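Report on the structure given below.
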Amino acid sequence: MIFNFSSSKTLVALAVASSIVLAGCSATANTSSSQQNALPATKVAAVVNTPADTGSQNITLEQAMAHPDWMGNQPENAFWSADSTTVIYAQKERGSTLRDFYSQAITSQTAQQVALNKLHMQGAKNAVYSKDKSLQAYTFKGNVFVKNIKTNTIKQITQTSAAESKPQFLNDGTLAYRQGNVFFKADLVTGLTSELANLKLVKKPEGVTEPSTYIAKEQHKLIKFVALEQKNKKDRQARNELLNEQNTSIANTAYYLGDGNTVAEVQLSPNGDALLVVVQKQTGWRSDGDIMPNYITDDATIDPKKARRRVADAKEETSELVYINLKDKSQKSLSFDTLPGFDEDVLASVKKENYAREGKTYTSKKAPRGINLIMDWGFEQSPIVWNDDGSHVAIMLEAWDNKDRWLATVDFENNALVSQHRLHDDAWIAYAFNDFGWLHNSNTLYYLSEESGYSQLYKKPLNGKATALTQGQFEVSNLTLTRDDSAIYYKANVEHPGLYEIYRVNPQTGNSEQITDLNGMTDYTLSPDESQLLLKHSTITMPNELYVADAKANTQATRLTHTVSDEFLSKKLTAPKIVAVPSSHTSQPIYAKVYYPADYVEGEVGKNRKAVIFNHGAGYLQNSHMGFSVYFREFMFHSLLADEGYIVMDMDYRASKGYGRDWRTAIYRQMGTPETQDLADGVKWMAKNANVDTKAVGTYGGSYGGFMTFMALFTAPELFQSGAALRPVTDWAHYNTGYTANILNHPDVDPIAYERSSPIYYAEGLNKRLLINAPMVDDNVFFQDSVRLVQRLIELEKENFETAIFPVEPHGFVQPSSWLDEYRRIHKLFKETL
């Protein structure tokens, strides 16, 4: 297999040294029937030679850590114009945090800046279209606009200080929109705006009540004035009820959802005659003690900034589903008890293990579980979706314990949820791969599921069995259905785990075909007329640029933007090679980027190379891919290290994205253990294949990568000679709920998992040099994490650690001076210890 990579300077052929087949995975999910028309099983490269090194001017640490404006300002938030002829995108102003907007015709290589007084005329990324596609609706600064696509005329529907949102064309041609928890409908012909529903978060007023106590009843009997006032109140109430019932000019749209609640999500049916509402108890996101002191303020005082609560303080939550019929003014709650497994004790084995440690016996029993809307990191859709004619609605739900996901529809006649698909995972349901929707021309659902071990696309008729539309050892994401149901476009890494292209599948036949072949990281947006794709594409050495291509198989893309600076192109940067490191613990290899020094010769002898392993953050993130990394500063730093003779490795350790369900969940209840094992395999590989001295290897990383640095130095102290932990997690009980509870359950249920996974419990293992770099206004990983660990190291009388604090920095550093200070310290550490 030959991969072709292109950049502005060269076209490089990629020879594949050898190939392997990714091992299959098992998932704890229900199975579906599958078709045999999917893409063929693909062998992937064990070693991929990526583009040649770029430029000729050596990169300096000062330049690498400078404000990224010098690299050029890449296009952001690009979207199509309503007529599919133009692309609109934002660009950051150099030396400022402001963004300017540009409009560029797809037939032009020149963009025009959009004037501030024209911004409301451009449309929006999440614009919606009328049924006949003649009108586009969107919001700008909280007001609603409608554009006639044929005449290119724009009508402003609202001009208020309130924020309108979620415009929606209804099947009768009117336009609905939302203002807070109030839904409106605008007749685009007459201009009349009417209120559809007003969701009130209070109890329904009781109206005039009769006296209930003895003395109150006697008062009404004895005092005529009191009795008369009571009668007048009842008369007025009865008259108002008749007026609201008989006079259609009056808005009578109040629906009461109870005190102390909040609306988590609500979707209006396309007929404008029903709402499905998700209601939750209103709970604070923090307690009074959750603060983060900011010591550098404009008035020289200490600002106690509010911070989120920790996972250890989280309490189980559940939601209420309310179906509101706007025609007969009724509202009914939907029970979760029709969902399979709604009351299962899915954590019984975990509880048993934790009880046993305390010398107790756990007895399992069934009880309703907390159930809420699915939480997806990248959701651009609602977890509630109506079909086109408004006859059915689907909702995606997830258990509070993170072990089950349900895709359910509503049986309106029997006021009940109907489970269409249950995905169970003994570890946790992914916080990605939850896209779903309805085919336009049949009552058939399509959805993503990891039940095969990889995210794949399925379809399911309401009363039929599910069918796999894609199958293979790759991950499908980013779904777009065409209007005629002829294709669902998707993004997938079919050819190689780190190479993402665009594909489409016919939902009727299951036949898939490849659309792009750009070789790198590619994302897409289908044009409103569905004839073209707007592509965002990058390679390992080149940041994102915009391309356009016809929406057809084997399309050829045309580059639209050229925003990378000449200064960046001139820098000598080392393009890493992507290798497949054999694993000692799984049948799958560990994919990794390797940066080689310019003087490195394959098979060289007589040299003992020093090396550094970088640990990417987020845990569930892929960095050994063929696109431009979000770690662009680290990319340049690694190039600098390679210039100085280091071998640098950047591993997609277990838990990383892109490699299937088993790879993702390998860290369940044991964060830090599989990853450290993978780092050990990386060191072993470098010793065997890159002449690296195993006594001259260091490691570093930030956030999750900082946590991994701790775990490696504390639990495998002979693996590395030194390490730098940046903005690091030290105790997972102090991190947030949404991320941590998936992997480690909740601390009140599974303290064993937290103790097994938190570096602070292993600090006595430190015997090598450690640098801790801690930002002080980090509202993601709190500064307190580092403070607690430092105190623990002091009490353990450790001598070989140092701490650098960064008083003005959040989790992701902002100031170039802070970046430079941080990486000077890291660079110095490796120079002194390796």
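Sequential numbering from 1 along the given sequence is applied to the chain's residues. This one's a predicted model, so the numbers in the text were calculated from it and none came from an experiment.
- Side-chain contact of Gln420 with Thr409: a donor-acceptor pair under 3.5 Å is present, judged by distance alone.
- A donor-acceptor contact under 3.5 angstrom links the side chains of Asn767 and Glu718, judged on distance only.
- Within the 3.5 Å criterion, the main-chain N or O of Gly672 finds no donor-acceptor partner in the side chain of Arg756.
- Of the possible donor and acceptor atoms, none in the side chain of Tyr754 sits under 3.5 Å from a partner among the backbone N and O of Asp748.
- Aromatic rings of Phe474 and Tyr454 (six-membered ring for Trp) have centroids beyond the 6.0 Å cut-off, not under it.
- Residues Val697 and Val692 are in side-chain contact: their nearest non-hydrogen atoms beyond the backbone lie under 4.5 Å apart.
- Remark: the Thr470 side chain and the Gln456 side chain contain an N/O donor-acceptor pair separated by less than 3.5 Å.
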Task: Verdict with supporting geometry, Ile826 and Leu726, side chain to side chain contact (heavy atoms under 4.5 Å, CB included) - done: CA-CA 10 Å; Ile826 298 168; Leu726 327 175; 3.8 Å; yes

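- Separating the OH atom in Tyr668 from the CG atom in Asn402 is a distance of 9.0 Å, to the nearest 0.5 Å.
- Inspection of the Asp785 and His734 side chains reveals no N or O donor paired with an N or O acceptor under 3.5 Å.
- A salt bridge links Arg422 with Asp404: the distance from a Lys NZ or Arg NE/NH1/NH2 to an Asp or Glu carboxylate oxygen falls below 4.0 Å.
- The closest side-chain heavy-atom distance from Phe782 to His811 is not below 4.5 Å.
- Interatomic distance, CZ of Arg661 versus OG of Ser452, reported as 11.0 Å (0.5 Å rounding).
- Ser629 and Glu634 are not linked by any side-chain donor-acceptor pair at a separation below 3.5 angstrom, with hydrogens and angles left out of the test.
- No side-chain donor-acceptor contact under 3.5 Å links Asp345 to the backbone of Lys366.
- Checking Tyr659, Tyr431, Trp428 one by one against Tyr620, the ring pair (Phe, Tyr, Trp, His ring centres under 6.0 Å) holds for a single residue, Tyr431.
- Using a 3.5 Å distance cut-off with no hydrogens or angles, the side chains of Lys768 and Gln721 do not pair a donor with an acceptor.
- Judged purely by distance below 3.5 Å, without hydrogens or angles, the side chains of Thr283 and Lys315 never pair a donor atom with an acceptor atom.
- When only modelled atom types and interatomic distance are considered, Tyr735 and Asn780 share a side-chain donor-acceptor pair under 3.5 Å.
- Ring centers of Tyr591 and His496: under 6.0 Å apart, within the cut-off.
- Look at Lys360 and Glu353 and you find no salt bridge, because none of the NZ, NE, NH1 or NH2 atoms lies under 4.0 Å from a carboxylate O.
- Note that the CZ atom of Arg405 and the CZ atom of Phe433 stand 11.0 Å from one another [nearest 0.5 Å].
- With respect to Glu398 and Arg369, no salt bridge is recorded, no charged nitrogen being found less than 4.0 Å from a carboxylate O.
- A ring-centre distance under 6.0 Å is not found for Phe336 and Trp406.
- In this structure, CE on Met711 lies 7.5 Å from CD on Glu675, to the nearest 0.5 angstrom.
- The closest side-chain heavy-atom distance from Val311 to Trp732 is not below 4.5 Å.
- Distance alone, capped at 3.5 Å, places no donor-acceptor pair between the Asn615 side chain and the Met708 backbone.
- At a threshold of 4.0 Å, the pair Asp313-Arg310 does not count as salt-bridged, since none of the basic side-chain nitrogens sits closer than that to a carboxylate oxygen.
- Not a single donor-acceptor pair under 3.5 Å links the side chain of Gln677 to the backbone N or O of His585.
- Ring to ring, Phe707 and Phe710 are not that close: their centroids are 6.0 angstrom or more apart.
- Taking the six-membered ring for Trp and the full ring otherwise, the centers of His616 and Tyr653 sit less than 6.0 Å from each other.
- Aromatic ring centroids of Tyr355 and Tyr362 lie under 6.0 Å apart.
- For Glu501 and Lys491, the salt-bridge test fails: no basic side-chain N is under 4.0 Å from an acidic carboxylate O.
- Relative ring orientation between Phe628 and Phe635 is described as perpendicular, the plane-to-plane angle rising above 60° on a 0-90° scale split at 30° and 60°.
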- [ ] Dump the intermediate steps for side chain to side chain contact (heavy atoms under 4.5 Å, CB included) on Thr338 and Val418, then the final yes or no.
- [x] CA-CA 7 Å; Thr338 57; Val418 179; over 6 Å; no

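- Distance alone, capped at 3.5 Å, places no donor-acceptor pair between the Ser758 side chain and the Asp731 backbone.
- The backbone N or O of Ile371 lies less than 3.5 Å from a partner atom in the side chain of Thr318, making a donor-acceptor pair.
- Lys403 places a side-chain N or O within 3.5 Å of a backbone atom of Ala427 that can act as its donor or acceptor partner.
- The side-chain heavy atoms of Ile667 and Ile743, taken from C-beta on, include a pair separated by under 4.5 Å.
- Checked by atom type, the side-chain pair Asn372/Gln280 shows a donor-acceptor distance below 3.5 Å.
- A cation-pi geometry, defined here as NZ or CZ lying under 6.0 Å from the six-membered ring centre and within 45° of its normal, holds between Arg727 and Phe813.
- For the residue pair Thr586 and Gln588, no side-chain donor N or O sits within less than 3.5 Å of a side-chain acceptor on the partner.
- Side-chain atoms of Lys351 and Asn745 form no donor-acceptor pair, as typed in the model, at a separation below 3.5 Å.
- Residues His638 and Phe614 bring their aromatic ring centres within 6.0 Å.
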